[in-house]
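For the single chain, residues carry numbers from 1 onward in sequence order.
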Amino acid sequence: MTRWPPRPPWPALAGPWVWRWKDRIDRAFMKRFDNLPAPMPAAPANDDAMHCAGCGAKVGATTLSHALDALRTEVREDIEAGVAQGDDAAIIRWSGQYRLVQSVDYFPAFMDEPYLFGRVAALHSLSDIYAMNADPHSALATLCIPRHHPRLQGRDLRRLLAGAVDELNRAHCTLVGGHTIEGPEMAAGFTINGALSGAAWSKNGARPGQVLIITKPLGVGIQLAAWMRNVHRGPDLDATLATMLQSNGPARAALSSLPLPACTDITGFGLLGHLLELCQDSQVSARISLDTLPILPGTLEHIRQGIHSTLRDSNDQVLGYCNIAPALRERPELVAATDPQTSGGLLLAVTRECLDTTLEALRGAGVDAIAIGETLVKNHKASSTITLR
């Protein structure tokens with residue numbers, strides 16, 4: 001029988017001297033790597049190279065305002081609130097006793113887990129409807145899935161939609177359709193239709209002497225920036241995700257039977273940006289205390305390390321409307337006050353007579369609401385609208 005593979009024609013080598021010979025060959029080979037040229041220095045960090053996702057990816061307030069100012073949209077009598085009013089959602093008079101409330105949001109993913117991202121994207125889109133005191137009715141999805149193998153695309157799309165539908169179903173909001181495209185990164189948004197039967201909440205109802213309340217802690221954009229840079233801490237990230245996954249539905253339900261002069265949600269333009277909108281629409285000024293702001297754990301430390309959202313420079317333009325004592329300008333809480341919030345909380349203005357009842361109702365619904373300041377008579381000669389103390 002022929003041996004396979006056949007033996008080589010030369011004799012086999014064995015013995016200690018063979019291993020010494022091999023060791024000498026290996027060492028000579030490795031020595032060639034001892035005097036390699038010095039590596040090229042790393043390219044300097046470019047702050048513009050990475051852009052935040054979530055609401056940190058929004059177009060800045062000034063840019064958006066300039067674009068909208070140039071529009072001349074058709075005027076219809078049955079549209080109560082549209083682009084011109086600048087509220088959180090449009091209001092359209094519809095048949096019967098209901099009015100149609102519509103809003104749309106869309107942003108790139110800030111995490112690799114499609115299910116969780118789908119939940120956050122749906123909750124964020126629902127927030128504008130709750131801020132108008134409307135009941136979510138139906139939703140259309142706009143989704144972008146990264147270019148990949150069709151089987152992997154299908155897996156991610158199923159998980160993204162599963163997370164979104166879980167939150168939409170909790171809100172009794174029906175997903176009725178949508179549109180999906182391929183792109184460089186995952187992104188999601190929803191057009192939400194809501195039904196409004198009672199009084200609409202808006203940004204233009206605040207009056208001087210009322211108390212300002214927020215329902216969620218700040219710092220989501222900073223925490224997501226830390227996550228993208230891989231300098232986050234597990235417990236802090238858990239707290240951030242828990243905040244984003246907290247629906248504003250319970251807060252709206254708790255407040256629906258109470259008088260509420262003004263309301264908006266805190267999202268891409270940060271607390272001060274959305275407070276400025278409320279002040280301008282209501283023709284009031286405001287005063288808030290930095291010490292009272294609820295801030296997510298670990299956020300102030302990240303700010304001291306120089307971590308912030310890429311939307312910060314744009315959002316910080318609101319500071320031009322603020323009266324800030326020199327001693328406060330270096331406070332990290334000031335950065336948190338302009339930080340863009342993904343699935344942020346509500347900002348309310350309530351009368352002092354209703355303050356205790358409002359806080360009790362919110363806390364009874366599991367919402368950690370905190371009073372942060374008050375509205376004031378607007379001084380039309382002053383350049384500032386918001387005073388920080």
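- Applying the side-chain hydrogen bond (donor to acceptor under 3.5 Å, both in side chains) test to every pair with at least one member in residues 139-149, sequence neighbours left out, gives no pairs at all.
- Judged by distance alone, with hydrogens and angles left aside, the side-chain atoms of Thr299 form no donor-acceptor pair with the main-chain N or O of Ile295 at under 3.5 Å.
- Here the closest non-hydrogen pair linking Thr215 and Leu346 is OG1-N, 2.8 Å.
- Here OG1 of Thr351 is found 12.5 Å from CZ of Arg207. Values are rounded to the nearest 0.5 Å.
- Judged as a salt bridge (Lys or Arg N to Asp or Glu O under 4.0 Å), not a single pair has a partner in residues 172-184 (not counting sequence neighbours).
- One side chain, Asn193 or Ser138, offers a donor N or O that lies under 3.5 Å from an acceptor on the other.
- Residues satisfying the salt bridge (Lys or Arg N to Asp or Glu O under 4.0 Å) test with Arg363, not counting sequence neighbours, are none.
- For Thr357, the side chain to side chain contact (heavy atoms under 4.5 Å, CB included) criterion is met by Leu258, not counting sequence neighbours.
- With sequence neighbours excluded, the residues satisfying side chain to side chain donor-acceptor pair (under 3.5 Å) with Arg159 are Glu113.
- For Pro332, the side chain to side chain contact (heavy atoms under 4.5 Å, CB included) partners are Leu300, Ile303, Arg304, not counting sequence neighbours.
- The side chain to side chain donor-acceptor pair (under 3.5 Å) search around Arg287 returns Glu374, not counting sequence neighbours.
- Cys322 and Leu272 make their closest contact through SG-CD1, 4.2 Å (heavy atoms, listed as atom of the first residue, atom of the second, distance).
- The side chain to side chain contact (heavy atoms under 4.5 Å, CB included) check on Pro259 picks up Cys354, with sequence neighbours excluded.
- Taking Asp291 as the reference, Arg331 meet the salt bridge (Lys or Arg N to Asp or Glu O under 4.0 Å) condition, with sequence neighbours excluded.
- Applying the side chain to side chain donor-acceptor pair (under 3.5 Å) rule to Asp135 yields the partners Arg252; only residues at least two apart in sequence or on another chain are considered.
- Separation of atoms SG (Cys173) and CD (Glu167) is listed at 11.5 Å; rounding is to 0.5 Å.
- When the side chain to side chain donor-acceptor pair (under 3.5 Å) test is applied to Asp156, no partner is found at least two apart in sequence or on another chain.
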Margin query: Would His124 and Phe107 count as a ring pair (Phe, Tyr, Trp, His ring centres under 6.0 Å) here? Give the steps.
Written below: CA-CA 10 Å; His124 183 90; Phe107 51 74; 5.1 Å; yes

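- With values rounded to the nearest 0.5 angstrom, Met244 atom CE is found 9.0 Å from Leu296 atom CG.
- Every pair tested for salt bridge (Lys or Arg N to Asp or Glu O under 4.0 Å) that includes a residue from residues 209-224 fails, sequence neighbours excluded, so the list is empty.
- Here the side chains of Val367 and Asn248 are not in contact, with every heavy-atom distance at 4.5 Å or above.
- Residue Thr358 holds its OG1 atom at 10.5 Å from CD of Glu353, rounded to the nearest 0.5 Å.
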